[in-house]
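Remember, it's 1-based here, ligands and their atoms both numbered in the order they're listed. Only this structure's heavy atoms are used, side chains among them; waters, hydrogens and symmetry mates stay out.
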Amino acid sequence: MLKSYIKGIGHFVPENIVTNDDLAQVMNTNDEWITERTGIKERRHRRDRVHSDETTATYAFHAAKKALSMAKMSAQDLDYIVFATLSPDYFFPGSGVVLQDLLGCKTIGALDVRNQCSGFIYAMSVANAFIKSGTYKNILVVGAEIHSFGLDFSDEGRGVSVIFGDGAGAVILSATEMEDHGDILAVNMHSEGKYAEELVVKFPGTKYGWSDRLLTENHGLTSKEIYPYMNGNFVFKHAVTRFPETMMEALDKAGKKVEDLDMFIPHQANLRIAQFVQQKFSLPDEKIFNNIQKYGNTTAASIVIALSEAIEQDKIKRGDLVLLSAFGSGFTWGSVLFHY
Ligand code: COA
């Protein structure tokens, strides 16, 4: 039976550290508020927020090189790319094709996934299906974001802009029949589109217009349309309900219990959400990994950066049972349960 296992993994974050005190210099916020509500102490931003050679695909490139190196593979060995991001290099085409070119892959398929904070879960689920069906053998699965270029750093945007950060992570998911290799045991994906506008960037899009409004002298665009809008309390309440549901669904499907888990990595949305889930399932500290304190919420990149760091720090070993779960804009949510 074909199994899909993580052959290589890597992550990349820009060097530029932005602390809560740095943000307090440009907007009416403070370290205490941000730490208390979110757990975040600092995040990474690309050096030049507006124009830069650093794009989402270049961050993904650095992460992918590390994953390839760990897997002892070259870009030529890849059969397919799945690229999760909400902050692509262009409105179109997607960043997957940019990465295909940067890496010098063959003319393999490159799929972009638009599922925001759940993007990496969706991307892994798609890659897993391609591998289990025998369609592809080695798939590069990426989660990458550059948020800092598109956040509102005025007082009006403070409820959102303090949360998000930049970064990328990449996994090589490979087909195997070896008994001592890991496997993805269960995946699930969910959505509830009636809440699309509770966490949203409205512009540009076919609902709120694009070139017609940009070219109009008094285009009437509001900051709520061009910057991310988040109904924070509403998102929080849904997250703490959906996280336990999707986690239990994955465990039940694989016939596993919470106690069987060696590590749980939640999407790094907010430390309070992660702590709520940890308490609900009575998970000991060594069975949950959080790094939101250092990187903020990097959306599609958050889980894969955390997974990569946990492996780097030897907190996850080959054979361990690991659960990844996410909730976010859409709303979307889901989980991936696997043996590493
Ligand atoms: N610094 C200081 N004060 C701030 C602030 C900031 N960065 N952002 C908002 N405030 C103020 C508000 O203006 C408000 O002031 P008021 O009471 O005078 O009106 C007060 O803090 C409380 O704002 P509120 O939005 O109710 O805070 P909250 O307790 O809901 O916390 C979040 C806000 C965003 C931290 C919280 O709702 C949250 O984490 N939600 C989930 C977000 C999430 O996970 N998003 C990602 C999904 S994947």
Please indicate whether any nitrogen or oxygen in N30 is less than 3.5 Å from any nitrogen or oxygen in ligand 1. no

The single option from V277, D252, L337, N188 passing side-chain contact (heavy atoms from CB on, under 4.5 Å) against M247: V277

Atom 26 (O) of ligand 1: any protein heavy atom closer than 4.0 Å: yes

Under 3.5 Å: N/O of W33 near N/O of ligand 1: yes

How does R272 reach ligand 1, by side chain, by backbone, by both or by neither, if only non-hydrogen atoms under 4.0 Å count? neither

So which bit of V160 gets within less than 4.0 Å of ligand 1, heavy atoms only: side chain, backbone, both or neither? neither

When you measure from atom 18 (O) of ligand 1 to the protein, is at least one non-hydrogen atom found at a distance under 4.0 Å? no

At the 4.0 Å heavy-atom cut-off, does M27 count as touching ligand 1? no

For atom 41 (C) of ligand 1, state whether the nearest protein heavy atom is under 4.0 Å away. yes

With backbone taken as N, CA, C and O and side chain as the heavy atoms from C-beta onward, which portion of N270 lies under 4.0 Å from ligand 1: side chain, backbone, both, or neither? side chain

Does any N or O of ligand 1 fall below 3.5 Å from an N or O anywhere on N233, backbone included? yes

Heavy atom of I163 under 4.0 Å from ligand 1? yes

Report yes if some N/O of G232 lies less than 3.5 Å from some N/O of ligand 1; otherwise report no. yes

Between S329 and ligand 1, does any nitrogen or oxygen pair lie at a separation below 3.5 Å? no

Could you check E42, E309, Q268 and say which one makes a side-chain hydrogen bond (donor to acceptor under 3.5 Å, both in side chains) with Y295? E309

Going by the angle between their ring planes, with limits at 30° and 60°, are F264 and F243 parallel, tilted or perpendicular? perpendicular

My understanding is that only one of N297, T299, T298 makes a side-chain hydrogen bond (donor to acceptor under 3.5 Å, both in side chains) with H147; could you say which? T299

Result for side-chain hydrogen bond (donor to acceptor under 3.5 Å, both in side chains) between N231 and one of E198, H238, E197 points to E198

Within 4.0 Å of atom 21 (O) of ligand 1 (strictly less), any protein heavy atom? yes

Any N or O of N297 closer than 3.5 Å to N or O of ligand 1: no

On the 0 to 90° scale, with breaks at 30° and 60°, tag the F234-F331 ring pair as parallel, tilted or perpendicular. tilted

Strictly inside 4.0 angstrom of atom 10 (N) of ligand 1, do you find any protein heavy atom? yes

May I ask you to identify the nearest protein heavy atom to atom 15 (O) of ligand 1, giving residue, atom name and distance to one decimal place in Å? R158 NH2, 4.3 Å

Applying a strict 4.0 Å limit to heavy atoms, is L199 in contact with ligand 1? yes

Quiz question for you: does at least one protein heavy atom lie closer than 4.0 Å to atom 32 (C) of ligand 1? no

Which part of Q116 is near ligand 1, with near meaning a heavy atom under 4.0 Å away: side chain, backbone, both or neither? neither

